[in-house]
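First listed ligand is number 1; within each ligand, the first listed atom is number 1. Below, each value reflects all heavy atoms present in this structure, side chains not excepted, and no hydrogens, waters or symmetry copies. Residue numbers start at 1 and run along the sequence shown.
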Amino acid sequence: MMDVLSIHNPFGAPVYYKETVTSTMDEARLLSKETSGTVIVADEQSAGRGRSGRSWKMNRGENLSFTIMLHYPRIEEFPPALTLRTGLAVALAIEDFAAGILKTPFGGSVLVKWPNDVMLLDKDGRGRKAVGILTEADNTNVYIGIGVNVAQNHFPQELAEKACSIGQILIQEKLSEQLLTKRLTLLEKILFRLFSELHNTVAFSDWRKRLEEKLYMKGQKVCFIPGPPEELTTQPVPAIEGTLLGVGEYGEISIADDAGEIHSFASGELNVYARA
Ligand code: BTN
């Protein structure tokens with residue numbers, strides 16, 4: 001059974017809700033003929049997917065899992081750096097959401113980790129992942145799946161150092177009441193920010209500058225493992241250590257090694273945790 005949620009979607013398309021699904025990515029593909037901007041939200045995913053073939057698990061009812069389907073009839077029409085810019089939109093929406101609940105201008109740090117995560121910095125400046133984004137495509141559609149840790153307070157031991165939720169870091173106990181309404185408010189804010197990111201011509205022209213202002217570890221020493229994802233490579237590729245400079249016009253990451261040589265990569269993984 002699929003319900004239609006009565007929340008505002010600036011893309012002018014329905015927002016569907018299902019309690020349990022395998023993955024909202026699968027459900028979105030079944031909706032591929034619907035209006036561009038159609039959203040499917042679920043409370044529980046039995047086979048949630050992450051990047052590079054990993055699984056994605058979330059506690060039922062505490063978080064936000066959804067996929068938005070966008071129709072681009074030709075591949076040339078795909079917006080550049082779509083996943084990164086979705087991350088930017090989600091980061092801005094989390095700031096709007098936190099400010100709305102705290103009723104004060106929000107001064108915390110919500111940053112985009114290249115290429116597909118949103119990180120929250122705690123008061124000691126330590127970053128942990130609160131959002132994962134997975135982008136898939138077929139001939140005519142892009143499916144952007146977004147998982148946001150909203151109110152989860154406990155993570156499995158292997159994730160405790162790496163993962164966090166908005167409730168834990170930004171808002172604390174103020175999230176517990178009316179959690180469903182609050183999660184849908186956050187969804188509305190994400191859709192609003194994503195729509196502006198993709199349809200506002202000014203936003204289109206300066207996304208790199210705005211993204212770099214929110215780029216996790218920018219200007220700092222990082223360890224980068226060049227892609228493509230492991231399952232596509234036959235040879236292990238050596239990691240690069242250097243300074244994260246920023247992103248290029250297609251969203252590729254730029255890193256200066258210790259000799260000052262600049263390297264750009266379209267895929268790979270920033271391995272910030274390995275340095276601890
Ligand atoms: C990652 O960090 O590896 C990406 C995680 C993406 C998770 C979201 S939750 C909604 C959508 N449905 C899925 O199965 N995955 C994405």
If we ignore angles and hydrogens, is there a donor and acceptor under 3.5 Å between the side chains of Tyr216 and Asp117? no
Quick one: does ligand 1 sit under 4.0 Å from the side chain of Ile146, the backbone, both or neither, non-hydrogen atoms only? backbone
Using only atom types and a distance under 3.5 Å, with no angle test, would you say the side chain of Asp122 pairs donor to acceptor with the backbone of Gly125?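 Yes; judged by distance alone, with no hydrogens or angles, the pair exists.
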Quick check against the 3.5 Å criterion: does Glu77 have a side-chain atom that pairs as donor or acceptor with the backbone of Tyr72? no
Nearest to atom 2 (O) of ligand 1 by heavy atom, Glu27, Met25, Lys129: which?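 It is Lys129 whose heavy atom sits nearest to atom 2 (O) of ligand 1.
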Is the shortest N/O to N/O distance between [X] and ligand 1 below 3.5 Å?
X: Ser23; result: yes
X: Thr24; result: yes
X: Thr67; result: no

Starting from atom 15 (N) of ligand 1, what is the nearest protein heavy atom, named by residue and atom, and what distance separates them? Arg49 O, 2.7 Å
Consider ligand 1: state whether an atom of it lies below 4.0 angstrom from any non-hydrogen atom of Gln45. yes
Under a heavy-atom criterion of less than 4.0 Å, does Met58 contact ligand 1?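 No; Met58 lies far enough from ligand 1 that no heavy-atom distance drops under 4.0 Å.
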Which residue is it: Arg208, Lys209, Arg210? I am looking for the one with a side-chain hydrogen bond (donor to acceptor under 3.5 Å, both in side chains) to Asp206. Arg210
Can the ring centroids of Phe224 and His263 be said to lie less than 6.0 angstrom from one another?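 For Phe224 and His263, the ring centres are not under 6.0 Å apart.
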